[in-house]
Amino acid sequence: MVVVATACRICAVGCGTLVELEGDTIVRVVGDPDDTTTNGYTCAKGRAGPEFHHAPYRLDAPLLRRNGELVAAGWDETLDDIAARTTALIAEHGPGVIANYVSTGGPIDPAGYAMAHGFFRASAPIGATAR
Ligand code: SF4
């Protein structure tokens, strides 16, 4: 077994964790007592990391709806689809029609959280608040 010291990425707190691995399988996640900020604390979500990571329903690729069915798609196709839909919405209703909800820090996606904030900072209409 290998133990990797890292940080939980489920929410913005970023608790220090120790992840126990057997090969590519996450066996257990516990709080890192040597983390100087969280001192070994983790919540139930952080400790459920193995179940999240290995869940059979986990999405590893984008899905697009085609004829009422969700089908796997590539990132280029997905981003083109998002760009076309976003552009059409803004053209019809103005830039204030686009919003973003990130819950408690962009669950399980800190990179997406940062991207969303960057997107809104870059594209916010005059007078709008992008936080
Ligand atoms: S989800 Fe829980 S364990 Fe993970 S960073 Fe947030 S508070 Fe810490």
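Heavy atoms only: backbone and side chains are in, while hydrogens, waters and symmetry mates are out. In each ligand, atom 1 is the first atom listed, and ligand 1 is the first ligand listed. These figures come from a predicted structure and were not determined experimentally.
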*Asks:* Need the ligand 1 atom indices (1-based, order shown) with element for anything under 4.0 Å from a heavy-atom of Gly14.
*Replies:* 5 (S)
*Asks:* Quick one: how many protein N/O/S atoms are under 2.8 Å away from atom 2 (Fe) of ligand 1?
*Replies:* 1
*Asks:* When you measure from the side chain of Arg47 to the backbone of Thr42, do you find a donor-acceptor pair of N or O atoms at a distance under 3.5 Å?
*Replies:* yes
*Asks:* Write down the atom of Pro50, the atom of Ile26, and the distance for their closest heavy-atom approach.
*Replies:* CB-O, 3.4 Å
*Asks:* Could Glu77 and Arg66 be called an ion pair, given the rule that one side-chain N must be under 4.0 Å from one carboxylate O?
*Replies:* yes
*Asks:* Ignoring hydrogens and geometry, is there a side-chain-to-backbone donor-acceptor pair from Thr38 to Gly16 under 3.5 Å?
*Replies:* yes
*Asks:* Spell out, as yes or no, whether a donor-acceptor pair under 3.5 Å connects the side chain of His54 to the backbone of Thr25.
*Replies:* no
*Asks:* Under a plain distance cut-off of 3.5 Å, with no hydrogens placed, do Thr78 and Asp81 share a side-chain donor-acceptor pair?
*Replies:* no
